[in-house]
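Each residue takes its place number in the sequence, starting with 1.
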Amino acid sequence: MKRREHRSDLMKKGLERAPHRSLMKATGLTDEEIKRPIVGVVNSYNEVIPGHIHLDKIAEAVKAGIRMAGGTPIEFNTIGVCDGIAMNHIGMKYSLASRELIADSVEVMAMAHPFDALVFVTNCDKIIPGMLLSAVRINIPSIFISGGPMLAGRYQGGKIDLIDVFEGVGEFKVGKLSRRELEEIEDVACAGCGSCAGLFTANSMNCLLEAMGIALPYNGTIPAPLAGRFRLAKQAGMRVMELWRRNIRPRDIITRDSLLNAFAVDMALGCSTNTILHLLALAYEAGIKLTLKDIDSVSKKAVNLCRISPASKTFMEDFHEAGGVPAVMKELTKIGLINTELITATGKPVKSIISGARIKNPEIIRTVDNPYYPSGGIAVLWGSLAPDGAVVKASAVAPEMMQHSGPARVFDSEPEAARAIYDGKIRKGDVIVIRYEGPRGGPGMQEMLTPTSAVAGMGIDREVALVTDGRFSGGTRGAAIGHISPEAMAGGNIALVRNGDIIEFDIEKRRLELKVSREELNRRRKKWRPPEPKIQSGYLARYASMVSSADKGAVFLKKV
């Protein structure tokens, strides 16, 4: 059989490449290994993130699969930020910003060392989308394998996760928990390796990798410690060699239709609102036209079939046992929301992946005839407070907060708002406004899990709303409306809000209004001046100067 041309020939073939081969042999590679297709194994392993502490072992399984299928694996690493550990201090400003660094670093490695294919070993919040951006940018045969979700913690006969600790702080503040009880919860909530046990951003993105077709079935749901996770990693290593032989590339798999499939699953699961940022960024990188209006169109057609933590006490391990993403996708075909003809990383179309899937627990995965909510789990809102859009995880909002009107309590940073909440300064009916936390203003668009968990833990999440030009964790529940565009730093109307102004929203009608006259807003705008940037040197200063708004995915716009 004729030898297929190797991209890696650029660094290994011919007499002139003798020095290159010599350097490769210095790493222990043999002539036979060098002759084979060379597969880069992109690993975000580190000892900081619970979701990543076992990725060295996942990568070893991947490399075994590559070797079994005739390739030579070469591993390299990327950075990663743990959003939970970075939460509510300056570290969170670096989380979203790390996405672009990860994409750039993978591009550098894969272009400087021309691999034939790539396997992305990933797990957590900004690492997955950063790697996705690089995959479509480099566009050589690629597949993703995650480290899988953490098992839920056990406490007093029930299951808990990280959100119980965040909310436990609020419960302690109002006397619902003792210090000893909070410490007990702290000890057991995070049970071990894996991405946090609920449907937060990491697990949301890992499920959407399946829905897009760039990862194997059950990538998003097999728990991290189980042997099935390591078998899946070996299968990913073997499968990438088949993708290479057939020259199936990321842009063959990630198309407008596959992104719409992903959004349909996103809405059915009730994923983190961060998925909106990341899939918009992915579409932009891949040259696919996709807007918030397209996303909301999917949301209106979709139904919410799952309530996974933080929306309930159901966890990823339960969702996996109930049938996982393939079962959800098969159910969505009944209302025409899944294109089943699209190619996937298995080499087969979607219809082959979901043909044998079934719902094993109809309370964890409901049918389209009996949804938890008659439209998608995420809603996009527009109005005078957010002319270019805002997003909310509707599936995690209490019914009585789907419509609300109340006075604004304005804060110019997330820590300032958190202190006010913990100090008992927020009243029933208030709309907490946290601004200058957008992509430019933050900079870095901080997650607001601390204030939302404080509100929930103190038992006022059915009475108080939050709106911000920042973003919310996938672990957030309650009437938390984020991504307000334009952001305050760009002169959006959120910069003009004053204490006591009435803010009104109706999630079902997709409206978010600042009840202040246009004339008054114009008067305020004439006096408004942007504040000094919070960070004026280093990477975040450069990031703030280049980043676009949230409604465009907070990307670095390509120069025309």
Side-chain angles (χ1 to χ4, degrees), residues 267 270 272-274 276-277 280 291-300 373 375-411 414 417 426 429-439 441 445 448 451-452 455 461-472 476-518 520-521 524-525 549-552 554:
M267 300 303 169
S272 163
T273 52
N274 283 320
I276 304 297
L277 278 177
L280 283 173
T291 68
L292 282 176
K293 290 188 182 298
D294 296 316
I295 295 167
D296 196 51
S297 177
V298 174
S299 179
K300 289 175 179 176
Y373 191 68
S375 64
I378 296 175
V380 183
L381 313 183
W382 285 273
S384 57
L385 190 56
D388 293 341
V391 297
V392 60
K393 188 170 181 174
S395 61
V397 179
E400 56 267 43
M401 289 298 291
M402 295 297 284
Q403 297 87 30
H404 182 74
S405 179
R409 294 293 307 280
V410 182
F411 303 94
E414 186 234 10
I426 302 302
D430 282 351
V431 178
I432 301 167
V433 177
I434 307 175
R435 64 189 179 191
Y436 296 109
E437 292 288 12
M445 205 177 182
M448 307 292 171
T452 59
V455 165
D461 56 303
R462 294 172 181 264
E463 302 167 341
V464 169
L466 295 92
V467 298
T468 181
D469 53 5
R471 58 194 176 90
F472 291 109
T476 288
R477 61 186 173 97
I481 302 168
H483 303 201
I484 288 180
S485 299
E487 64 173 288
M489 198 67 173
N493 285 346
I494 189 172
L496 308 179
V497 181
R498 294 179 180 174
N499 282 318
D501 288 348
I502 299 300
I503 294 175
E504 182 177 283
F505 60 83
D506 187 321
I507 293 172
E508 291 181 349
K509 293 182 179 178
R510 306 299 204 256
R511 301 303 299 166
L512 175 60
E513 304 290 352
L514 173 61
K515 307 300 282 186
V516 174
S517 70
R518 185 174 299 178
E520 174 60 19
L521 287 178
R524 295 181 188 180
R525 186 172 299 284
S549 63
D551 66 295
K552 293 180 175 61

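Within the model, atoms CD of Q403 and CD1 of I507 stand 7.5 Å from one another, a figure rounded to the nearest 0.5 Å. In this structure, T468 OG1 and I494 CD1 are separated by 5.5 Å, a value rounded to the nearest 0.5 Å. Distance CD1/I502 to CD/E513: 13.5 Å, rounded to 0.5 Å. D551 CG to T291 OG1: the interatomic distance, rounded to the nearest 0.5 Å, is 9.5 Å. Distance check, rounded to the nearest 0.5 Å: CD of E414 to OG1 of T452 gives 8.5 Å. L381 CG to E508 CD: the interatomic distance, rounded to the nearest 0.5 Å, is 11.5 Å.
Shown here for V431 and G406, the closest heavy-atom pair between the two residues is CG2-O, 3.8 Å. Closest approach of V397 to G478, counting heavy atoms only: CG2-O, 3.3 Å. Of all heavy-atom pairs spanning S549 and P439, the tightest one is C-CG, 4.3 Å. Contact detail for R435 and A488: the closest heavy-atom pair is CB-CB, 4.0 Å. Nearest approach of S384 to N493, heavy atoms of both residues: O-ND2, 2.8 Å. Scanning both residues, K393 and T273, for their nearest heavy atoms gives N-CG2, 3.6 Å.
Applying the ring pair (Phe, Tyr, Trp, His ring centres under 6.0 Å) test to Y436 and every residue at least two apart in sequence or in another chain returns nothing. Partners of E520 according to the salt bridge (charged side-chain N to carboxylate O under 4.0 Å, His left out) rule, which considers only residues two or more places apart in sequence or in another chain, are R498, R523, R524.
Contact of the Y373 side chain with the M267 side chain is not registered, since no non-hydrogen atoms from C-beta on lie closer than 4.5 Å. Between L385 and V433, the closest side-chain pair of non-hydrogen atoms is not below 4.5 Å. Annotation: side chain of I503 is in contact with side chain of L512 (closest heavy-atom distance under 4.5 Å).
A donor-acceptor pair is defined here as one N or O able to donate and one able to accept, closer than 3.5 Å; such a pair exists between the side chain of H404 and the backbone of G429. For the pair R409 (side chain) and D430 (backbone), a donor-acceptor distance under 3.5 Å is absent. Here the side chain of S299 pairs a donor or acceptor atom with the backbone of I378 at under 3.5 angstrom. Remark: the backbone N or O of G441 is paired with a side-chain donor or acceptor of E487 at under 3.5 angstrom. Between the side chain of D501 and the backbone N or O of A408 there is no donor-acceptor pair closer than 3.5 Å. S485 places a side-chain N or O within 3.5 Å of a backbone atom of H483 that can act as its donor or acceptor partner. The backbone N or O of D461 sits nowhere less than 3.5 Å from a side-chain atom of R477 that would complete a donor-acceptor pair. Using a distance-only test at 3.5 Å, with no hydrogens or angles considered, a donor-acceptor pair links the side chain of D469 to the main chain of E437. A distance-only check finds no donor-acceptor pair linking the side chain of R471 to the backbone of G482 [under 3.5 Å]. With hydrogens and angles disregarded, a donor-acceptor distance shorter than 3.5 Å links the side chain of N499 to the backbone of V410.
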Worksheet item: Step by step, would you call F505 with V392 a side chain to side chain contact (heavy atoms under 4.5 Å, CB included)?
Response: CA-CA 11 Å; F505 60 83; V392 60; over 6 Å; no
Discussion item. Checking V455 against I426 for the side chain to side chain contact (heavy atoms under 4.5 Å, CB included) test, could you report, in this order, the C-alpha distance in whole Å, the side-chain angles of both residues, the deciding distance, and whether it holds?
Written reply: CA-CA 9 Å; V455 165; I426 302 302; over 6 Å; no
Discussion item. Set out, in order, the CA-CA distance, both residues' side-chain angles and the distance that settles side chain to side chain contact (heavy atoms under 4.5 Å, CB included) for V391 and L277, then state yes or no.
Written reply: CA-CA 10 Å; V391 297; L277 278 177; over 6 Å; no
Worksheet entry | CA sep, side-chain torsions, deciding dist, call: L466, M448, side chain to side chain contact (heavy atoms under 4.5 Å, CB included) | CA-CA 9 Å; L466 295 92; M448 307 292 171; 5.7 Å; no
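With no hydrogens or angles considered, no side-chain donor-acceptor pair links D294 and S297 at under 3.5 Å.
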